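This report refers to the structure that appears directly beneath it.
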There are 2 protein chains.
Amino acid sequence: MAGISSFTPAQIAEAEHHLDTPSPETDPKVDRLVNELIGRVADKWTMLILEELNEKGVMRFSEIGRAIEGISQKMLTQTLRLMERDGLVTRTVYPVVPPKVEYALTALGESLGAAFCGVWVWAERHLEEIEASREAFDTRE
Amino acid sequence: MAGISSFTPAQIAEAEHHLDTPSPETDPKVDRLVNELIGRVADKWTMLILEELNEKGVMRFSEIGRAIEGISQKMLTQTLRLMERDGLVTRTVYPVVPPKVEYALTALGESLGAAFCGVWVWAERHLEEIEASREAFDTRE
DNA sequence: AATTATACTTACCAAAAAGAGAGTATGCGT
DNA sequence: ACGCATACTCTCTTTTTGGTAAGTATAATT
């Protein structure tokens, strides 16, 4: 499993481009939808799978399972299905025995990875600061 | 409640700066911590409070409660406490009756908002694409 | 004297999420 | 004939999460 750096300069440039053009959206309906979407997508397993697929390209089901420590088969299936439904990954089934299914990121999936890159970097950058803050908070209580 | 645009160009520039310098972090321990941190922080209520405080500056407890539709007192207290612990907000208590407590973002909190900005923009941009993908997925099943 | 306002805390309960483990289909190697 | 490998699905149980409602303190107001 790689860290924060598995996105290419091109992908990062894409994210920057987005940041250049924040739109003045205030429609509450869109707001709600956007929120729900972020909740869906900003999930632990989704992000780990995103990262893994971005790094390796095409992967089989059990290959992803082995790469991501601690994920259960159930969660892997479930997360991949939701990601497929949202158009983040493609799922290719080969009708052979034993079964073979390959997963890969779509362009949309890659763009999400790039967008999240900023948050990853933020988290990594401020990790110590936050831990220090927590410790201070906990000891003064 | 405002949409995506409540962050200043300076904040966005900060986020871009982060994107310019992705570090080659692969340490599994840091990876795990970063992940846990993102999970903590990429939560529905945290993001809404972040947005609200970024827009309004300083706010009282019940003011935030009124601004964010659907949040319970319990969740508001809980989320604000965790944000304070992580160093994202400051909490100022005025010893008066009835009680008065003010909340505001720290620099760290603002930087998180800026980092998330890219994801907000991504979500808003690709909302329709994703809904279309879902619909296609659901009807072909 | 009762009511109101504010910022909580605590207890209880329902719902949702997640983990564990067994079951399924089937061609291939031994 | 038997077990293995793969990618699931299904059920059962546990854990986590979140909502509701009640309690607390006290000064000002009616």
Side-chain angles (χ1 to χ4, degrees), chain A residues 32 35-49 52-53 56 58-86 88-105 137-138 140-141, chain B residues 32 35-49 52-53 56 58-86 88-105 137-138 140-141:
Chain A
R32 208 169 30 73
N35 241 287
E36 179 194 16
L37 181 55
I38 290 181
R40 171 57 263 294
V41 125
D43 148 87
K44 182 186 176 184
W45 299 129
T46 302
M47 291 198 304
L48 290 175
I49 293 173
E52 207 58 46
L53 284 176
K56 300 268 176 61
V58 180
M59 292 177 86
R60 295 185 60 175
F61 180 84
S62 56
E63 195 182 349
I64 304 176
R66 262 176 265 118
I68 298 177
E69 194 187 23
I71 194 168
S72 68
Q73 216 176 27
K74 179 186 171 184
M75 281 298 105
L76 184 53
T77 307
Q78 199 176 100
T79 308
L80 283 169
R81 273 312 129 73
L82 287 176
M83 290 175 80
E84 188 197 358
R85 187 171 109 101
D86 287 347
L88 301 174
V89 300
T90 57
R91 177 166 177 270
T92 314
V93 183
Y94 298 91
V96 296
V97 156
K100 177 177 178 180
V101 181
E102 284 182 345
Y103 294 90
L105 287 188
F137 184 91
D138 292 346
R140 79 165 158 271
E141 292 298 285
Chain B
R32 207 168 32 73
N35 241 287
E36 179 193 15
L37 180 56
I38 290 182
R40 171 55 265 293
V41 125
D43 147 85
K44 180 187 178 184
W45 299 130
T46 302
M47 291 199 303
L48 289 175
I49 292 173
E52 208 57 47
L53 284 176
K56 299 269 176 60
V58 180
M59 292 177 86
R60 294 184 62 176
F61 180 84
S62 56
E63 197 182 347
I64 305 175
R66 262 176 266 119
I68 298 177
E69 194 186 22
I71 193 169
S72 68
Q73 215 176 28
K74 180 183 169 183
M75 279 299 105
L76 183 53
T77 307
Q78 198 176 101
T79 309
L80 283 170
R81 271 315 127 73
L82 287 176
M83 290 175 81
E84 189 197 356
R85 187 171 110 99
D86 287 347
L88 302 174
V89 300
T90 57
R91 177 168 177 268
T92 314
V93 182
Y94 298 91
V96 296
V97 157
K100 177 177 178 180
V101 181
E102 285 182 346
Y103 294 90
L105 287 188
F137 184 90
D138 292 345
R140 80 166 157 268
E141 292 297 287

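Fair warning: this is a prediction, and the values are worked out from it, not measured in the lab. In what follows, every chain begins at residue 1, and chains take the letters A, B, ... in the order their sequences are listed.
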Considering non-hydrogen atoms only, spot the tightest contact between B:F137 and A:R81 and give its length. CZ-O, 4.3 Å
Within 6.0 angstrom of A:K100 NZ, more than 12 heavy atoms from elsewhere: yes
Just so I know, are the side chains of B:V93 and B:R91 near enough to count as touching, which here means a heavy-atom distance under 4.5 Å? yes
If we ignore angles and hydrogens, is there a donor and acceptor under 3.5 Å between the side chains of A:R66 and A:S62? yes
A:I68 CD1 to C:dA18 P, in whole Å, measures 14 Å
For A:V41 and A:L88, run side chain to side chain contact (heavy atoms under 4.5 Å, CB included): C-alpha distance rounded to whole Å, both residues' side-chain angles, the deciding distance at 0.1 Å, then the answer. CA-CA 10 Å; A:V41 125; A:L88 301 174; 4.0 Å; yes
By the 4.0 Å heavy-atom rule, please label B:Y103 as base, sugar-phosphate, or nothing. sugar-phosphate
Check: A:L76 and A:I49 side chains under 4.5 Å, non-hydrogen atoms: yes
Using the heavy-atom set of chain A and a strict 4.0 Å cut-off, write down the first and last nucleotide of DNA chain D that makes it in, 5' to 3'. D:dA5 to D:dT9
Closest approach of B:L105 to B:V89 (non-hydrogen atoms, all atoms of both residues): CD2-CG1, 3.8 Å
Under 4.0 Å, heavy atom to any atom of DNA chain C: which of residues 70-85 of chain A qualify? A:S72, A:K74, A:M75
Minimum heavy-atom separation for B:I38 and A:M47, please, with both atom names. CG2-CE, 3.2 Å
Contact summary for B:A67 and B:M59, nearest pair of heavy atoms: CB-CE, 4.1 Å
Can you find a pair of side-chain heavy atoms, one from B:T46 and one from B:R40, that are under 4.5 Å apart? yes
What does the list of N/O pairs under 3.5 Å between the protein and nucleotides 27-30 of chain C look like, with a distance for each?
none

